[in-house]
Amino acid sequence: MAEVESAGDFRSVVLLAGGVGGARIAEGFARALPEGALTVIANVGDDEEFYGLRVCPDIDTLLYTLSDRINRRQGWGVADDTVKALDVLRDLGAPAWMKLGDADFGLHIWRSWRLAEGDSLSEITVEAAKRFDTRTNIVPATDDRLRTKLNTDEGWMDFQPWFVGKRCGPKVSELRYEGADAARPSAQAMAAIGAAELIVFAPSNPLLSIEPMLAVAGLRDAVAQTPAPCVGVSPLIGGKAVKGPLARLMQDLGLEATSRAVAGRYAGLLDGFVVDAGDTEDAEALRKAGLSVASMDILMGGPEGAERLAREVLEFAAGLVPSRERRSA
Ligand code: FO1
């Protein structure tokens, strides 16, 4: 591994990401790093089949964000998209609760066609990232089937029916990452981790975005064993998520909705953790537990704010002597 002494020295950074927060910080790193230096390993636990088409919301949010096609107000989907196809589906009596836009359908059709032709999700995603000119490598955590399931007061549910269909309403008592035991990490994800000078856990939902990937044993082991520093960024500010149901979900599951508890989810994997400047108690508690902690403004806002955060995270990581609290865990 090349010597990294300052933030500008990083030539291969891996970001584990899912959801809107993951895509936002990915855009920040893409702006802060040299072209091609960033590989984003994307969650596939949110994937779902609609009308026989394979939809990969976390991969697609990355593709659209990094190619500047994203609907920035929503954080997902294509800007200025229309819903004519969905209207026809609704007229024909098909369920239409997932707002799939017309331009978005194009990507799902292309992906499903390529999968049917025998190409892997990794090959398809890498090609989509190139063709959309994202200037970033985007790879799925696994090519195998992996699905986040939620046990709720309405019974076991798939992720999108819970998240979008029921607007996260049903109370959650248990999570399961179906398929994780048998899933192998994608070759591209393993190669990226093997070459990484830094691994960052995005400010994504740990339970819904990061842990489904870490449930793939080969991927978790590779992260645990890398000599590269591993840094997590909290998705919580003052116990609240900028977007999404994280705080509610943590409470449902009997966890404290704090940055400290988020870091705890990654025990054994981190050399450093980034919390919001206002969360001083969390920073203190984590430092006492032996973790290097940086406090900064973690609210990204737009692309400039995301780039500022990415640069500050790189600065922090460059100064870290891998503490290996994770080695002794
Ligand atoms: N989120 C919503 O809240 N409502 C939707 O109708 C919706 C549609 C949708 C379509 C394509 C896509 O890639 C994402 C979409 N999302 C929608 C977001 C998606 O549910 C979430 O980004 C993730 O799965 C959570 O990380």
Side-chain angles (χ1 to χ4, degrees), residues 15-27 40-67 69-87 89-90 94-112 121 124-125 128-129 132 134 138 140-141 146-150 157-170 172 175 177-178 201-214 235-236 241-250:
L15 178 73
L16 298 177
V20 174
R24 287 202 174 133
I25 201 166
E27 188 175 28
V40 185
I41 301 181
N43 176 40
V44 292
D46 295 13
D47 290 11
E48 185 64 81
E49 273 74 35
F50 291 96
Y51 324 110
L53 301 175
R54 173 79 172 272
V55 178
C56 304
D58 285 354
I59 289 175
D60 297 349
T61 299
L62 285 160
L63 286 169
Y64 296 146
T65 303
L66 291 163
S67 63
R69 289 159 200 250
I70 194 80
N71 177 329
R72 291 197 181 269
R73 188 184 48 78
Q74 283 177 166
W76 49 269
V78 178
D80 303 322
D81 210 355
T82 46
V83 287
K84 289 187 173 167
L86 199 70
D87 287 343
L89 285 157
R90 191 180 291 108
W97 48 265
M98 184 85 171
K99 195 177 156 201
L100 297 166
D102 296 329
D104 196 26
F105 263 116
L107 176 58
H108 310 318
I109 292 168
W110 177 79
R111 174 189 294 123
S112 306
L121 184 63
I124 295 165
T125 306
F132 275 7
T134 61
I138 304 173
L146 172 63
R147 293 287 184 278
T148 298
K149 309 272 176 175
L150 306 97
M157 297 183 74
D158 292 343
F159 179 79
Q160 296 298 342
W162 176 77
F163 188 84
V164 176
K166 297 272 183 174
R167 297 171 190 264
C168 311
V172 178
L175 289 172
Y177 308 118
E178 196 176 272
F201 293 38
S204 303
N205 186 316
L207 305 164
L208 299 177
S209 295
I210 307 291
E211 289 181 43
M213 296 192 269
L214 296 175
L236 293 175
V242 176
K243 195 169 168 36
L246 175 57
R248 227 282 315 283
L249 192 59
M250 290 183 92

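All ligand and atom numbering here is 1-based and tracks the order in the structure. What you see below is based on every heavy atom in this structure, not just the backbone, and it leaves out hydrogens, waters and symmetry mates.
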Just which atoms of ligand 1 are under 4.0 Å from any heavy atom in Leu100? 10 (C), 11 (C)

May I ask you to check whether Asp104 has an N/O atom sitting below 3.5 Å from an N/O atom of ligand 1? no

Ligand 1 to His108 polar contact by distance, N or O atoms, under 3.5 Å: no

Close side-chain approach of Arg147 to Asp158, heavy-atom, < 4.5 Å: no

With atom 7 (C) of ligand 1 as the reference point, say which of Phe163, Trp76, Trp97, Trp162 has the nearest heavy atom. Trp76

Would you please name every residue forming a ring pair (Phe, Tyr, Trp, His ring centres under 6.0 Å) with Phe159, sequence neighbours left out? Phe163

On a heavy-atom basis, which atom in Asp58 and which in Gly19 lie closest, and how many Å separate them? OD1-N, 3.1 Å

Nearest protein heavy atom to atom 6 (O) of ligand 1, by residue and atom, and its distance? Lys99 N, 2.9 Å

Ligand-side contact atoms (ligand 1) for residue partner Val164, heavy atom cut-off under 4.0 Å: 1 (N), 2 (C), 4 (N), 5 (C), 6 (O), 7 (C), 17 (C), 20 (O)

Please list, in number order, the atoms of ligand 1 under 4.0 Å from a heavy atom of Gly19. 26 (O)

Protein contact to atom 13 (O) of ligand 1 [nearest heavy atom, distance to 0.1 Å]: Pro57 CA, 3.3 Å

Can you confirm whether Lys166 is buried at NZ, in the sense that more than 12 heavy atoms of other residues, nucleotides or ligands lie under 6.0 Å from that atom? no

Residues Arg248 and Gly169: closest non-hydrogen pair is NH2-O, 3.8 Å

Is Gln74 close to Lys99 at the side-chain level, that is, under 4.5 Å between some pair of heavy atoms? yes

Under 3.5 Å between some N or O of ligand 1 and some N or O of Gln160? yes

If we set the cut-off at 4.0 Å for heavy atoms, which region of Asp58 has an atom near ligand 1: side chain, backbone, both, or neither? side chain

Taking ring pair (Phe, Tyr, Trp, His ring centres under 6.0 Å) as the test, write out the residues that go with Phe50, two or more places apart. Trp97

Could you tell me whether Asp87 and Lys84 make a salt bridge, using a distance below 4.0 angstrom between a side-chain N and a carboxylate O? no

Should the proximity of Val55 to ligand 1, defined as any heavy atom under 4.0 Å, be assigned to the side chain, the backbone, both, or neither? neither

Does some non-hydrogen atom of Phe159 fall short of 4.0 Å from ligand 1? yes

I'd like to check Cys56 versus Leu121 (side-chain heavy atoms, cut-off strictly below 4.5 Å). Are they in contact? yes

Should Val20 be listed as contacting ligand 1, given a heavy-atom distance under 4.0 Å as the test? no

Atom 23 (C) of ligand 1 [closest protein heavy-atom partner, distance rounded to 0.1 Å]: Asp46 OD2, 3.3 Å

